Amino acid sequence: MGFKICVVGLGLMGGSLAMALRGFREAEIVGADSDPAVRQKAAGAVGTVYADVAEAVRGAGLVIFCVYPHHIPGLLRACGGALSQEAVLSDICGVKTPLYEAI
């Protein structure tokens with residue numbers, strides 16, 4: 001597999017996105033979530049599930065944050081050193097202004 005996609009936050013939205021991405025056979029789909037119960041439920045949606053966001057994003061070409069907007073700045077700080085310089089970061093948050101201001 002040549003391309004790694006990381007979904008951060010594997011709840012309803014992130015888990016659904018991860019399942020939809022499984023159709024991209026050329027990509028490795030991984031996920032990260034801090035909640036052990038969510039990680040257990042999401043195990044079938046992604047190839048590997050991580051508790052540590054920095055470990056999850058390492059080597060990813062695309063990182064999609066599927067968490068509340070106010071959690072993203074902290075997650076970026078937690079995984080910033082592990083992100084590839086070429087990684088594309090995205091999110092599914094509907095509210096952008098507070099996220100933009102925080103970053």
Side-chain angles (χ1 to χ4, degrees):
M1 297 194 189
F3 191 73
K4 180 178 176 181
I5 300 172
C6 179
V7 178
V8 179
L10 294 168
L12 180 62
M13 299 296 288
S16 296
L17 176 62
M19 289 184 71
L21 290 172
R22 288 189 310 181
F24 293 102
R25 305 243 185 261
E26 304 301 317
E28 172 189 11
I29 311 300
V30 303
D33 202 287
S34 60
D35 186 330
V38 172
R39 287 195 308 271
Q40 185 177 13
K41 287 180 185 177
V46 295
T48 306
V49 182
Y50 297 91
D52 180 3
V53 69
E55 190 176 352
V57 303
R58 190 167 281 110
L62 174 61
V63 179
I64 306 167
F65 291 94
C66 302
V67 297
Y68 291 111
H70 63 274
H71 290 299
I72 294 177
L75 288 167
L76 286 171
R77 283 190 292 278
C79 70
L83 286 166
S84 164
Q85 295 251 352
E86 293 81 30
V88 174
L89 305 180
S90 187
D91 66 78
I92 62 167
C93 302
V95 179
K96 300 294 186 204
T97 301
L99 176 59
Y100 173 78
E101 290 170 350
I103 292 174

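Quick caveat: nothing in here was measured; it's all calculated off a predicted structure.
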Distance-minimising heavy-atom pair for I5 and A27: CD1-CB, 4.0 Å

D33 side chain vs R39 backbone, donor-acceptor pair below 3.5 Å: no

Considering all heavy atoms, the nearest C79-A54 contact: CB-CA, 3.8 Å

With sequence neighbours excluded, residues passing side chain to side chain contact (heavy atoms under 4.5 Å, CB included) with T48: V30, Y50

Rounded distance [0.5 Å steps], CG in L89 versus CG in L83: 5.5 Å

Side chain K4, main chain A56, donor-acceptor under 3.5 Å: yes

side-chain hydrogen bond (donor to acceptor under 3.5 Å, both in side chains) contacts in which one or both residues fall within residues 70-87, not counting sequence neighbours: S84-E86

Which pairs would a plain distance check flag for residues 17-24, meaning a side-chain donor or acceptor within less than 3.5 Å of a matching protein atom at least two apart in sequence or in another chain?
| from | atom 1 | to | atom 2 | distance (Å) |
| --- | --- | --- | --- | --- |
| R22 | NH1 | G44 | O | 2.8 |

Closest approach of V7 to C66 (non-hydrogen atoms, all atoms of both residues): CG1-SG, 3.7 Å

Side chain to side chain, V63 and V88, heavy atoms closer than 4.5 Å: no

Set of side chain to side chain contact (heavy atoms under 4.5 Å, CB included) partners for D91, sequence neighbours left out: F65, I72, C93, K96, L99

Contacts of type side chain to side chain contact (heavy atoms under 4.5 Å, CB included), residue A78, not counting sequence neighbours: V53

Nearest atoms (heavy-atom pairs only) where V57 meets A82: CG2-CB, 3.9 Å

Contacts of type side chain to side chain contact (heavy atoms under 4.5 Å, CB included), residue M13, not counting sequence neighbours: I92

CD-CG distance between Q40 and L10, expressed to the nearest 0.5 angstrom: 13.0 Å

